[in-house]
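Written out below as structure tokens is the structure these notes cover.
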Amino acid sequence: MPAQKIETGHNDIVHDVSMDYYGKRIATASSDSTVKITGVPTTNSSTSHSQHLATLTGHQGPVWQVVWAHSKFGSALASCSYDGKVIVWKEGNPNEWSQSQVFDHRSSVNSIAWAPHEVGFCLACASSDGNITVYTTQPDGS
């Protein structure tokens, strides 16, 4: 199977990419302080072009990582940044994303990981201050 090139539209280095549960969208994290959502063309599609779906802004520094939550929780993803923030994003209407939750840390958050969906809406965060923080919340932000 030939490789597909996907144009992200970022203006700086792309640090991370994550594919959604269904393999239809990717989220990318970049030094341009944004997360971008891009549609992945299917192999039986009439076009081989990727489609820009959304640009998520809210970080004030390079975004190191982005991860999709399990589909059980709807369309949700988390991003972490040099700015010390972890943002949980939720999709309302198609391609309309908003910040559901923001978690502040004292220093750069370099890595994040969702727990298995059986555990719940639970996110672990690794920070440059040497600490790991685990947040367990509801998918609706409460």
Side-chain angles (χ1 to χ4, degrees), residues 1-117 119-129 131-142:
M1 179 160 80
Q4 294 178 331
K5 181 180 178 185
I6 296 176
E7 186 58 47
T8 65
H10 283 292
N11 297 322
D12 209 334
I13 297 167
V14 174
H15 295 285
D16 193 40
V17 61
S18 181
M19 188 170 279
D20 75 352
Y21 182 80
Y22 301 103
K24 295 183 184 263
R25 298 182 291 182
I26 59 167
T28 51
S30 172
S31 278
D32 66 8
S33 302
T34 67
V35 171
K36 293 194 183 264
I37 311 294
T38 306
V40 177
T42 60
T43 54
N44 57 1
S45 173
S46 61
T47 177
S48 63
H49 300 308
S50 55
Q51 179 184 11
H52 173 75
L53 301 174
T55 299
L56 312 184
T57 59
H59 286 291
Q60 305 302 314
V63 182
W64 302 132
Q65 189 177 17
V66 62
V67 290
W68 292 89
H70 191 277
S71 63
K72 169 184 177 180
F73 303 111
S75 291
L77 55 92
S79 58
C80 64
S81 171
Y82 178 81
D83 66 7
K85 290 182 183 173
V86 172
I87 301 176
V88 177
W89 307 88
K90 289 287 289 181
E91 183 179 34
N93 293 323
N95 305 319
E96 291 181 11
W97 293 83
S98 62
Q99 295 180 19
S100 171
Q101 297 164 308
V102 179
F103 304 113
D104 290 310
H105 295 80
R106 291 186 306 240
S107 59
S108 177
V109 180
N110 305 316
S111 183
I112 49 180
W114 291 105
H117 67 88
V119 174
F121 202 63
C122 181
L123 184 68
C125 311
S127 178
S128 287
D129 64 9
N131 292 309
I132 303 296
T133 308
V134 178
Y135 298 102
T136 302
T137 62
Q138 298 298 314
D140 63 4
S142 59

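Remark: side-chain polar atoms of Gln65 are paired, donor with acceptor, to backbone N or O of Ile112 under 3.5 angstrom. Although no hydrogens or angles enter the test, the distance criterion places no donor-acceptor pair under 3.5 Å between the side chain of Ser31 and the main chain of Pro62. Side-chain N or O atoms of Asp20 include one that pairs as donor or acceptor with a backbone N or O of Gly23 at under 3.5 Å. Between the side chain of Ser33 and the backbone N or O of Gly61, at least one donor-acceptor pair lies under 3.5 Å. Side-chain N or O atoms of Asp32 include none that pairs as donor or acceptor with a backbone N or O of His10 at under 3.5 Å.
Of all heavy-atom pairs between Thr38 and Ser50, the closest is CG2-CB, 3.7 Å. Summarising the geometry of Val66 relative to Ser18, their closest heavy-atom pair is O-CB, 3.3 Å, with the distance given to 0.1 Å. Here the shortest heavy-atom pairing between Val63 and His15 reads O-CD2, 3.5 Å. When all heavy atoms of His59 and Ser81 are compared, the closest pair comes out as ND1-CB, 3.1 Å. When all heavy atoms are compared, the tightest approach of Lys90 to Ala76 is CD-CB, 3.5 Å. The shortest non-hydrogen separation linking Asp83 to Lys85 is OD1-N, 2.8 Å.
The shortest side-chain heavy-atom distance between Val14 and Thr8 falls under the 4.5 Å cut-off. With contacts defined as side-chain heavy-atom distances shorter than 4.5 Å, the pair Gln4/Val40 qualifies.
Ion pair Glu91/Arg25 flagged as a salt bridge, since at least one NZ, NE, NH1 or NH2 atom sits closer than 4.0 Å to an Asp/Glu carboxylate oxygen.
In this structure, the separation between OG1 on Thr133 and CG on Leu123 is 10.0 Å, given to the nearest 0.5 Å. The distance from the OG atom of Ser75 to the CG atom of Asn93 is 11.5 Å, given to the nearest 0.5 Å. Distance check: Asn131 CG to Ser107 OG gives 8.0 Å after rounding to the nearest 0.5 Å. For the atom pair OG of Ser108 and OH of Tyr82, the computed distance is 7.0 Å after rounding to the nearest 0.5 Å.
Within a 6.0 Å radius of NZ in Lys72, other residues, nucleotides and ligands contribute more than 12 heavy atoms.
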- Before giving the answer on side-chain contact (heavy atoms from CB on, under 4.5 Å), spell out for Ile132 and Cys125 the whole-Å C-alpha distance, their side-chain angles and the decisive distance to 0.1 Å. CA-CA 6 Å; Ile132 303 296; Cys125 311; over 6 Å; no
- Task: Given side-chain contact (heavy atoms from CB on, under 4.5 Å), test Ile37 with Leu77 step by step and report yes or no.
- Result: CA-CA 10 Å; Ile37 311 294; Leu77 55 92; 3.6 Å; yes
- Message: Assess the residue pair Gln101 and Thr137 against the criterion (side-chain contact (heavy atoms from CB on, under 4.5 Å)); give the C-alpha distance rounded to whole Å, side-chain angles, the decisive distance to 0.1 Å, and a yes or no.
- Response: CA-CA 9 Å; Gln101 297 164 308; Thr137 62; 3.1 Å; yes
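Under the ring pair (Phe, Tyr, Trp, His ring centres under 6.0 Å) criterion, the residue pairs touching residues 95-117 are Trp68-Trp97, His70-His117, Phe103-Tyr135, His105-Tyr135, Trp114-Phe121, with sequence neighbours excluded.
Asn110 and Ser128 share a side-chain donor-acceptor pair at under 3.5 Å. Counted by atom type alone, Ser79 and Trp89 present one or more donor-acceptor pairs between their side chains at under 3.5 Å. Side-chain contact, Thr55 with Thr34: no donor N or O sits under 3.5 Å from an acceptor N or O.
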